[in-house]
Amino acid sequence: MNLTHTNNALTFLLTLSFALLGVSFALGANPNTLSATFSFYELDTLLSNNTLGLLTGTAMIALAVTTLAAHLKLIKPMPALILALVVSIVPLLTLFASNRWMAQLGGFPIIGSGQGIIKYFAIIPLYLFLFYKNKLTDKQHVLLNFIPVAMVLLWIGGMKFYEFEAKAIVGLVETSPFMSWLYTVFSVQGASNIIGGFDVLFAVLLGLGLFLNNKKLIIISGLACLSVFLMTQTFLITATGAFSSSTLLERLGQFVIKDLWYVGNLIVIATLMLLKPAK
């Protein structure tokens, strides 16, 4: 894989994910997410959920279009970067809201609805690499793309050790042909601990591999991390409630499709650490 292949892959992942998310929001999917997000800005009292969904969906569809257009050099990349900043920062700022945390478990860092929000940290490093690669060093790009991967695996993986999260993933695990066997060997909490332990272990090992510049460790841990994000994509097919005939993606589908961004982060890391891209 050279730099051209990497850029093509990133453009595909970003365009696909934002197009799907944009269409689903525009069609009225996941109104609770819209309320939780825009109540932070007190816009939910001024605009209806339908209007907020249309605005959110339009912004994401516009981001998909400008990303593809910039990649094809039909426009300059700045509009895509600005839209990416807006689309990511608007939800990320709501992490300051109390409704993102599990108050009954002490609040921060016990995260609730914010699990889907922290995934937006993955976006900007991808756009910086895709359109402004030469503005930063390879080490800086690797670090910026590793941070969101480590954050989501350590944070959400760590939540798997709590009972509320173990119960929350039952519907995903028991319907998965790849993971349902866990419940025949372990309890609900035990299976969740195995999943969370896997996430945390390989996030740490990937960081160690990058720090030591150990290619074998990077490959092993990187593939393990990649398997996590590819596994979640299978939930789109196996789990109930991911798709909707009226809104394309529902809450679960929107949550899962964001993991494509982490596949992109890992592709960037692999390109810079394991391969020598053509200039």
Side-chain angles (χ1 to χ4, degrees), residues 13-65 67 83-103 110-123 148 151-152 155-156 159 164-165 167-173 175-176 229 231-263:
L13 293 173
L14 290 167
T15 301
L16 175 64
S17 60
F18 283 118
L20 291 173
L21 287 169
V23 170
S24 65
F25 273 122
L27 292 175
N30 209 355
N32 291 338
T33 289
L34 294 171
S35 297
T37 299
F38 290 103
S39 63
F40 179 77
Y41 301 98
E42 299 184 353
L43 291 176
D44 60 325
T45 59
L46 300 176
L47 301 171
S48 68
N49 261 356
N50 288 339
T51 301
L52 292 173
L54 186 59
L55 290 174
T56 301
T58 300
M60 289 187 168
I61 293 171
L63 178 54
V65 172
T67 299
L83 274 172
L85 284 168
V86 172
V87 166
S88 57
I89 289 176
V90 167
L92 283 173
L93 286 177
T94 67
L95 289 173
F96 289 105
S98 60
N99 61 359
R100 295 302 186 193
W101 313 98
M102 303 290 288
I110 311 301
I111 196 167
S113 65
Q115 286 191 20
I117 299 304
I118 63 174
K119 293 186 177 185
Y120 285 91
F121 280 112
I123 296 173
M151 179 183 293
V152 76
W155 208 339
I156 296 181
M159 293 297 99
F164 80 91
E165 184 67 11
K167 291 180 178 179
I169 64 172
V170 168
L172 300 178
V173 177
T175 58
S176 171
F229 302 120
M231 179 62 69
T232 62
Q233 299 310 298
T234 67
F235 296 153
L236 290 170
I237 301 172
T238 62
T240 57
F243 285 106
S244 167
S245 59
S246 58
T247 62
L248 189 60
L249 293 177
E250 276 299 340
R251 182 187 65 83
L252 174 60
Q254 289 185 346
F255 182 81
V256 167
I257 205 72
K258 295 172 187 175
D259 284 349
L260 290 177
W261 303 335
Y262 292 95
V263 174

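Under 3.5 Å, the side chains of Asp44 and Ser35 contain no donor-acceptor pair of N or O atoms. For the residue pair Thr247/Glu250, the side-chain donor-acceptor check at 3.5 Å is satisfied. Between the side chains of Asn30 and Ser24, no donor-acceptor pair of N or O atoms lies under 3.5 Å. Under the 3.5 Å distance criterion, with hydrogens and angles disregarded, a donor-acceptor pair is assigned to the side chains of Arg100 and Thr94.
The shortest heavy-atom contact between Ala29 and Leu249 is CB-O, 3.1 Å. Here the shortest heavy-atom pairing between Leu236 and Phe243 reads O-CE1, 2.9 Å. Residue Gln115 comes nearest to Ile111 through the heavy atom pair CG-CG2, 3.5 Å, listed as atom of the first residue, atom of the second, then distance. Of all non-hydrogen atoms in Ile257 and Leu21, the two that sit nearest each other are CG2-CD2, 3.4 Å. Contact record, Ser246 with Leu27: O-CD1, 3.5 Å, taken as the closest heavy-atom pair. For the pair Thr232 and Phe229, the tightest heavy-atom approach, listed with the atom from each and the gap, is OG1-O, 2.7 Å.
Ser17 places a side-chain N or O within donor-acceptor distance of the main-chain N or O of Leu14, the cut-off being under 3.5 Å. Judged by distance alone, with hydrogens and angles left aside, the side-chain atoms of Ser113 form a donor-acceptor pair with the main-chain N or O of Asn99 at under 3.5 Å.
Once rounded to the nearest 0.5 Å, the distance linking CD1 of Ile61 with OG1 of Thr15 reads 12.5 Å. How far CG of Asn32 is from CG of Leu34: 9.0 Å, rounded to the nearest 0.5 Å. Here Ser176 contributes atom OG and Met231 contributes atom CE; the two are 5.5 Å apart, rounded to the nearest 0.5 Å. Here CE of Met159 is found 4.0 Å from CD1 of Ile110. Values are rounded to the nearest 0.5 Å. Atoms CG and CD1, on Leu83 and Ile123 in that order, are 11.0 Å from each other to the nearest 0.5 Å. For the atom pair CG (Leu54) and OG1 (Thr58), the distance works out to 4.5 Å, reported to the nearest 0.5 Å.
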Evaluate Leu55 against Leu47 for side chain to side chain contact (heavy atoms under 4.5 Å, CB included), listing each step before the verdict. CA-CA 10 Å; Leu55 290 174; Leu47 301 171; 4.0 Å; yes
Which is it for Thr56 and Phe38 under the side chain to side chain contact (heavy atoms under 4.5 Å, CB included) test, yes or no, and what are the steps along the way? CA-CA 10 Å; Thr56 301; Phe38 290 103; 3.4 Å; yes
One pair to check against side chain to side chain contact (heavy atoms under 4.5 Å, CB included): Leu172 and Leu252. What are the steps and the verdict? CA-CA 10 Å; Leu172 300 178; Leu252 174 60; 3.7 Å; yes
Phe121 and Leu95: CA distance, side-chain angles, deciding distance, side chain to side chain contact (heavy atoms under 4.5 Å, CB included) verdict: CA-CA 12 Å; Phe121 280 112; Leu95 289 173; 4.0 Å; yes
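Taking the six-membered ring wherever Trp is involved, the centroid distance between the rings of Tyr120 and Trp261 falls below 6.0 Å.
Note that Lys119 lies in the cation-pi zone of Phe255, set by a 6.0 Å cut-off to the ring centre and a 45° limit from the axis.
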